[in-house]
**Student:** 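Here it is: the structure, laid out below.
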There are 2 protein chains.
Amino acid sequence: MQYPLKDPIKRWSDSIPAPCAACGVRDSVFCSVLSDQELQRLSSFAFNVSQDAREIIFSEGDSADHLFNVTEGLVKLYKLLPDGREQITGFLFSGDFLGIAMNDTYAYSAEAITPVRLCRFNRKDLEGMFQQTPHLETRMLNMASNELAQAQDQILLLGRKTAKERLCSFLLSLSQRSERRGDSATVIPIPMGREAIADYLGLTTETVSRTFSKLKKENSILVSKGGIVEVPDLELLATLAEDSS
Amino acid sequence: MQYPLKDPIKRWSDSIPAPCAACGVRDSVFCSVLSDQELQRLSSFAFNVSQDAREIIFSEGDSADHLFNVTEGLVKLYKLLPDGREQITGFLFSGDFLGIAMNDTYAYSAEAITPVRLCRFNRKDLEGMFQQTPHLETRMLNMASNELAQAQDQILLLGRKTAKERLCSFLLSLSQRSERRGDSATVIPIPMGREAIADYLGLTTETVSRTFSKLKKENSILVSKGGIVEVPDLELLATLAEDSS
DNA sequence: ATTGGAAATTGATTTGCATCAAGGAAACGG
DNA sequence: CCGTTTCCTTGATGCAAATCAATTTCCAAT
C-alpha cells in the first residue's frame with residue numbers, strides 16, 4: 001500500500017527553520033494558545049522535517065530530545081514485545097502533538113505510515129519556554145489529561161470489548177475526528193491499512209477484515225473505493241460500540 | 001473478603017481540615033515539591049475524608065469538582081460497559097494522587113477497595129494555586145506523563161499479552177511499587193482479590209486463579225497465607241512478563 | 001473451636017478469535 | 001495496458017481463555 005502526498009513535494013532534505021506564522025496547523029491544539037509574539041519565539045527553535053512512509057521518527061527508549069507537531073500525514077505510535085508482537089497505542093493526524101508521554105526516554109516508538117511533515121522542537125528549549133509562558137504548560141497539562149482519558153477508553157476497549165465492538169468504537173472515533181476537522185461525520189476515509197487497525201485494536205488482520213464484512217452484510221456500514229466508509233446510522237454504530245448484542 | 005484498617009479508627013464522620021504538615025504522605029509525589037509555606041496554603045483548602053470498603057468516591061461522568069490524595073487504603077479506578085462488564089484502569093495506594101485524567105467530568109469511577117482515607121482538594125482552589133506555584137503545575141504535568149506511560153504499558157498488556165504474561169507483569173509492577181516504598185521487592189502482599197485482578201488484566205477470576213496455580217507449580221512464585229506472594233527470581237518473572245514461552 | 005458465607009480453586013465444556021492456507025482485488029512500475 | 005506486488009478477503013482448523021459447575025479453603029463472627 002502506497003500513500004503518496006497530495007502535493008508530492010521534494011522531501012525536505014534536512015531540517016529547515018519553521019515559520020510558525022505561515023504554518024498550516026498553527027491553530028492546532030498545541031500552538032493555538034500562543035500569541036503572535038510567542039509564536040515567533042517558538043519559531044526560533046522549531047524546524048520542519050519530513051519523512052517517507054515507513055520511516056521511524058524515534059524508537060522506544062531513545063533519549064527524548066525532541067517533541068513534534070505533525071503538520072501533514074499519518075503517524076503510528078507503537079510498542080513491541082521481544083518476539084515481535086506489536087501494539088499500536090495511537091494514530092496521529094496533522095495538527096496532533098507528538099511527545100507527551102515520556103520522561104528521559106520515549107515510552108513508545110513512532111513511525112510514519114504515510115509520508116509526513118513534522119515540526120520539531122528541541123525539548124529543552126520548549127521546557128525553557130514554559131517558564132515565561134505558563135499558559136503553554138497549562139495547555140500541555142490539558143492535552144495530557146485528554147490523552148489519558150483516551151488511553152483509558154482504549155484500555156476498556158482492549159480489556160473488555162468484542163471484536164465487533166472494537167471496530168465500531170474505532171470507526172466512531174474516526175468519525176468524531178473527521179467531524180472535529182470540519183469534515184463529514186458519516187463519510188469517513190480510513191487512511192491506515194487493515195494490519196495497522198488490527199495492531200491498534202488488539203486483533204489480527206483476518207478478524208478485522210471479517211468484522212468489516214459482517215458490518216457490511218448487516219448494512220451497518222457501506223464501503224466504497226479508496227477505503228472510504230459510510231455510516232448511515234451513527235447512533236446504531238455507537239450502540240454497537242458498547243453492546244455487540 | 002474484609003479489609004480492616006490496621007488501626008481501626010472511627011471513620012471521620014465528615015470532612016475535616018487537613019494539617020498537611022503532619023500528613024503521613026506529605027512526601028508523596030504530589031506534595032513533595034511544596035515548601036512548608038506552600039504546604040500551608042494547600043492545607044487551607046484540603047480536607048480529610050474517609051470511606052468504607054466498597055464505597056464509591058465518585059462516578060464516571062460526575063462533575064469533576066475535587067481532586068484527592070490517597071492517604072491510606074486501596075482504591076480502584078474503573079469503567080463500566082452498559083451490560084455490566086468492568087475494566088479496572090488502575091489501583092491507587094496511599095501516597096497516590098487521584099484525579100489527573102479528567103476534564104469537566106471524571107473519565108472513570110473510583111471506589112474504595114479497603115477502607116480509605118483521602119485528602120480532598122477543591123479543584124478550582126488547586127488550579128488557582130497553580131498560578132502562584134508553577135512548579136506544582138510542572139509536577140502535575142510530570143505525573144500525567146508518567147500515568148500516560150503506564151497506561152500505554154497496560155494497552156500493550158491488554159492488546160498483546162497472554163494470561164501468564166499479564167499476571168507476571170502485574171506481579172512485577174506490584175514488586176516495583178513495593179520496592180519504591182522501601183519494602184521488599186521479592187515478598188509482595190497482594191491487597192486486592194482475584195476478581196479485581198481479573199478486571200484489571202482483562203481476564204476472568206478463574207483464569208487468574210489457574211494462572212496463579214501454574215506459576216506456583218513451576219516454582220516461579222510461592223504463595224503463603226494472607227495472600228502474600230514470594231518471588232524467588234525477579235529476573236525470571238520479568239522474562240515471563242514479556243515472553244510466555 | 002464451630003460455623004456460615006464469601007472467595008478461591010479446580011474440572012468439564014464451549015466459543016471467539018488466532019492461525020494456517022488459498023484465492024481475489026487493488027495499486028504501482030514499467 | 002499489463003504484469004508484479006501488496007493488501008484484502010474468505011475458508012478450514014486449532015487453541016487459549018470464557019463459561020458453566022462443583023467443591024474446597026479461608027476468614028470473621030459467634
Side-chain angles (χ1 to χ4, degrees), chain A residues 1-6 8 52-54 81 83-87 113-115 157-168 189-217 221 223-229 244-245, chain B residues 1-6 8 52-54 81 83-87 113-115 157-168 189-217 221 223-229 244-245:
Chain A
M1 203 177 193
Q2 286 290 78
Y3 297 99
L5 279 180
K6 296 290 165 50
D52 290 334
R54 288 156 200 256
L81 286 171
D83 64 359
R85 279 172 289 172
E86 176 174 336
Q87 178 65 39
I113 288 184
T114 66
L157 180 149
L158 294 169
R160 291 300 183 213
K161 288 188 181 181
T162 65
K164 188 172 170 185
E165 290 167 335
R166 291 180 199 203
L167 188 57
C168 291
I190 313 287
M192 66 290 286
R194 294 288 182 269
E195 192 177 358
I197 297 173
D199 285 338
Y200 181 62
L201 297 179
L203 301 169
T204 59
T205 53
E206 293 94 330
T207 298
V208 170
S209 187
R210 274 185 248 275
T211 309
F212 262 114
S213 298
K214 261 183 236 162
L215 291 174
K216 273 188 279 188
K217 193 153 16 182
I221 63 170
V223 181
S224 46
K225 282 278 171 71
I228 289 168
V229 167
S244 205
S245 58
Chain B
M1 204 178 192
Q2 286 291 78
Y3 295 101
L5 279 179
K6 297 291 166 50
D52 290 334
R54 286 154 202 258
L81 286 170
D83 63 0
R85 278 173 290 174
E86 176 173 335
Q87 179 64 40
I113 288 185
T114 66
L157 180 149
L158 293 170
R160 291 300 183 216
K161 289 189 181 179
T162 65
K164 189 172 168 184
E165 290 167 336
R166 292 180 198 201
L167 188 57
C168 290
I190 313 286
M192 68 288 287
R194 294 288 182 269
E195 192 176 0
I197 297 173
D199 285 339
Y200 181 62
L201 298 179
L203 301 169
T204 58
T205 52
E206 292 96 329
T207 297
V208 169
S209 187
R210 274 186 248 276
T211 308
F212 261 114
S213 298
K214 263 183 235 163
L215 291 174
K216 274 188 278 185
K217 192 151 20 179
I221 63 171
V223 181
S224 46
K225 282 280 171 71
I228 289 167
V229 167
S244 204
S245 59

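Protein chains get the first letters and strands the later ones, always in sequence-line order, with residue 1 at the start of each. Hydrogens, waters and symmetry mates are skipped; everything else that's a heavy atom, side chains included, is used.
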**Student:** To check you understand the geometry: which heavy-atom pair defines the closest contact between A/I221 and A/F212, and what is its length?
**Tutor:** CD1-CD2, 3.6 Å
**Student:** Mind calculating the distance between CD1 (A/I228) and P (C/dA27) to the nearest angstrom?
**Tutor:** 11 Å
**Student:** To the nearest angstrom, how far is B/I190 atom CD1 from C/dA7 atom C1'?
**Tutor:** 15 Å
**Student:** Would you say the side chain of A/R194 and the base of D/dT10 hold a donor-acceptor pair, judged only by whether the two atoms sit under 3.5 Å apart?
**Tutor:** no
**Student:** Rounded off to whole Å, could you give me the NZ-to-P distance for the A/K161 and C/dC17 pair?
**Tutor:** 14 Å
**Student:** Checking contacts here: which listed nucleotide (C/dT9, C/dT10, D/dT10) is nearest the side-chain heavy atoms of B/S213?
**Tutor:** C/dT10
**Student:** Please report, rounded to the nearest Å, how far the P atom of D/dT13 is from the CD atom of A/E206.
**Tutor:** 16 Å
**Student:** Counting just side-chain N and O atoms, does A/T207 come under 4.0 Å of either OP1 or OP2 of C/dC17?
**Tutor:** no
**Student:** With respect to B/L203, which candidate in B/I197, B/L158, B/V208 satisfies the side chain to side chain contact (heavy atoms under 4.5 Å, CB included) definition?
**Tutor:** B/V208
**Student:** Between A/V208 and A/R160, which residue's closest nucleotide on DNA chain D lies nearer the 5′ terminus?
**Tutor:** A/V208
**Student:** Out of C/dA7, D/dC27, C/dT19, which nucleotide sits closest to the side chain of B/R54?
**Tutor:** C/dA7
**Student:** Can you identify which nucleotide, out of D/dC26, C/dT9, D/dT9, has its nearest atom closest to the B/K225 side chain?
**Tutor:** D/dC26
**Student:** Would you state whether a donor and an acceptor, one from the side chain of A/R210 and one from the base of C/dG16, lie under 3.5 Å apart?
**Tutor:** no
**Student:** Look at the side chain of A/T204 and decide which nucleotide, out of D/dC8, C/dT19, C/dC17, has an atom nearest to it.
**Tutor:** C/dT19
**Student:** Specify the separation, in whole Å, of atom CZ of B/R85 and atom C1' of C/dG16.
**Tutor:** 13 Å
**Student:** More 5' along DNA chain C: A/G226 or A/R166, using each one's nearest nucleotide?
**Tutor:** A/R166
**Student:** I want to check one thing: is the phosphate of C/dT9, taken as OP1 and OP2, less than 4.0 Å away from some side-chain N or O of B/S209?
**Tutor:** yes
**Student:** Can you give me the closest heavy-atom contact between B/I228 and B/P189, atom names plus distance?
**Tutor:** CG1-CA, 4.1 Å
**Student:** Quick one: CG on B/L215 to CZ on B/R210, what's the gap to the nearest 0.5 Å?
**Tutor:** 14.0 Å
**Student:** In terms of the nearest nucleotide of DNA chain C, which residue is placed more toward the 5' end: A/G227 or A/T162?
**Tutor:** A/T162
**Student:** Nearest whole angstrom, please: distance from the C1' of D/dA18 to the CG of B/L201.
**Tutor:** 15 Å
**Student:** Check the distance between D/dC8's P and A/L167's CG and give it to me in whole angstrom.
**Tutor:** 13 Å
**Student:** Rounded off to whole Å, could you give me the CE-to-C1' distance for the A/M192 and D/dC7 pair?
**Tutor:** 16 Å
**Student:** Is the count of non-hydrogen atoms from other residues, nucleotides or ligands lying under 6.0 Å from B/E195 atom CD greater than 12?
**Tutor:** no
